[in-house]
> 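Here it is: the structure, laid out below.
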Amino acid sequence: VNFGLNTAKLNNANAYVGLQQADVDREQYLMQLEIARLYFNLLRQQYRLNADKQNTDRAQQIFTVIKALTSSGINPGADSSLAKAELSKTIISYNQTQGRINQLKEQLSLVTGITAMDMIVDTLSNPSYTAVPLLPMVSADSSHNPLLDYFSRKKDIYASTDNLIRKLYGPRILLAASTWARGSSIQYNDNYKSL
């Protein structure tokens, strides 16, 4: 009789199994979080790229007008230099945004397994779609959150380990018995037989 030591060992082992499962769920949740973060950053850069494209087109048109004015001698040549610098700045901004999009696609490709070339980002950049539907108010559910569940399981491990240690140093009752017999294969008349 060990007063619950075996049960404490089983509970401790089950707590470790629960912790490992919670750790797998937590890692899966964090991976989904990373994918969502990369996707929304990619979406934001797509919108930024559209704005940079409009800025580049606007700067190109302004440069064309100022170049025509300076070529005809109406404005000084410094105006065309400033317009060319502004156009270059918008082109650089556009190229940097394109580079960030490519980088985010590569990172998203790494975690999803979809090649960056085959990746098509579903954007809401369609100008005809203006109203974004509101999400219904959802109460925060902390009972099914994998991050919180992991730490709850860790707490269970500490409690079961504490219980196991208490049971290890508790009293035990051992019932032991032994018998002893003496046997020989020698008979009284010196015959040797099997035991």
> Work out which heavy atom in Thr90 is nearest to a heavy atom in Ala59; give both atom names and the distance.
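Distance-wise, the nearest heavy atoms are OG1-CB, 3.7 Å.
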> What closest approach, in Å, do Ser80 and Thr70 show between heavy atoms, and which atom pair accounts for it?
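In this case the closest contact between Ser80 and Thr70 is CB-OG1, 3.6 Å.
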> Quick one: pull up CD in Gln107 and CG in Leu110 and give me the separation to the nearest 0.5 Å.
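CG of Leu110 is found 8.0 Å from CD of Gln107.
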> If you measure from OH on Tyr169 to CG on Leu164, what distance do you get to the nearest 0.5 Å?
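Result: 10.0 Å between the selected atoms.
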> Hydrophobic cluster membership, with links at side-chain heavy-atom distances under 4.5 Å among I/L/V/M/F/W/Y: are Leu87 and Tyr94 in one?
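Different clusters.
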> Are Phe151 and Ile157 connected, step by step, through hydrophobic side chains (Ile, Leu, Val, Met, Phe, Trp, Tyr) whose heavy atoms are closer than 4.5 Å?
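Phe151 and Ile157: one cluster.
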> For Asp52 and Asn55, what are the C-alpha separation, side-chain angles and deciding distance, and is it a side-chain contact (heavy atoms from CB on, under 4.5 Å)?
CA-CA 5 Å; Asp52 285 346; Asn55 287 341; 4.3 Å; yes
> Within 45° of the six-membered ring axis of Phe3 and under 6.0 Å from that ring's centre, is NZ or CZ of Lys167 located there?
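No, Lys167 and Phe3 do not form such a contact.
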> Please test Gln45 against Asn41 for side-chain contact (heavy atoms from CB on, under 4.5 Å), starting from the C-alpha separation and ending with a verdict.
CA-CA 6 Å; Gln45 292 300 323; Asn41 282 340; 5.5 Å; no
> Taking the side chain as everything from C-beta on, heavy atoms only, tell me whether Leu38 gets closer than 4.5 Å to Thr112.
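Of all side-chain heavy-atom pairs linking Thr112 with Leu38, none is under 4.5 Å.
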> Show, in sequence, the C-alpha distance, side-chain angles and deciding distance for Thr115 and Asp118, and conclude whether the side-chain contact (heavy atoms from CB on, under 4.5 Å) test is met.
CA-CA 5 Å; Thr115 61; Asp118 295 337; 2.8 Å; yes
> Rounded to the nearest 0.5 Å, what's the gap from NZ on Lys84 to CD1 on Ile66? Could you check?
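These two atoms lie 12.5 Å from each other.
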> Just by distance, do the side chain of Thr97 and the backbone of Ser93 share a donor-acceptor pair under 3.5 Å?
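It does hold such a pair.
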> Any side-chain donor-acceptor pair under 3.5 Å between Asn163 and Ser160?
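Side chains of Asn163 and Ser160: no pair found under 3.5 Å.
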> Side-chain heavy atoms under 4.5 angstrom apart, residues restricted to Ile, Leu, Val, Met, Phe, Trp, Tyr: same cluster for Tyr39 and Met31?
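Yes, Tyr39 connects to Met31 through the hydrophobic network.
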> Going from CD on Gln21 to CG on Asp25, what distance comes out if it is rounded to the nearest 0.5 angstrom?
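Output value for this atom pair is 4.5 Å.
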> Measure across Ala22 and Arg153 and return the closest heavy-atom pair with its distance rounded to 0.1 Å.
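Closest heavy-atom pair between Ala22 and Arg153: CB-CG, 3.6 Å.
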> Can you confirm whether Arg48 is buried at CZ, in the sense that more than 12 heavy atoms of other residues, nucleotides or ligands lie under 6.0 Å from that atom?
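Incorrect, the count does not exceed 12.
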> Hey, does Leu19 have a side-chain heavy atom less than 4.5 Å from the side chain of Asp23?
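Heavy-atom side-chain distance check fails, nothing below 4.5 Å.
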> Would a hydrophobic clustering, with Ile, Leu, Val, Met, Phe, Trp and Tyr connected at side-chain separations under 4.5 Å, put Leu33 with Phe40?
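Different clusters: Leu33 never reaches Phe40 through Ile, Leu, Val, Met, Phe, Trp or Tyr contacts under 4.5 Å.
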> State the CD-NZ distance between Gln60 and Lys67, to the nearest 0.5 angstrom.
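Taking CD in Gln60 and NZ in Lys67, the distance rounds to 9.0 Å.
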> Is a side-chain donor-acceptor pair under 3.5 Å present for Asn6 with Asn2?
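Their side chains do contain a donor-acceptor pair, which is all the 3.5 Å distance test asks for.
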> Using only heavy-atom distances, determine whether the side chains of Gln61 and Asp57 contain a donor-acceptor pair under 3.5 Å.
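Checked: Gln61/Asp57 side chains show no N/O donor-acceptor pair below 3.5 Å.
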> Linking I/L/V/M/F/W/Y whenever any side-chain heavy atoms sit under 4.5 Å apart, do Leu30 and Leu108 land together?
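Each belongs to a different hydrophobic cluster.
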> side-chain contact (heavy atoms from CB on, under 4.5 Å) between Glu86 and Phe63: does it pass, once the steps are laid out?
CA-CA 9 Å; Glu86 189 63 32; Phe63 175 70; over 6 Å; no
> Rounded at 0.5 Å granularity, tell me how far CD1 in Ile101 sits from CD in Gln46.
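Here the rounded value is 4.0 Å.
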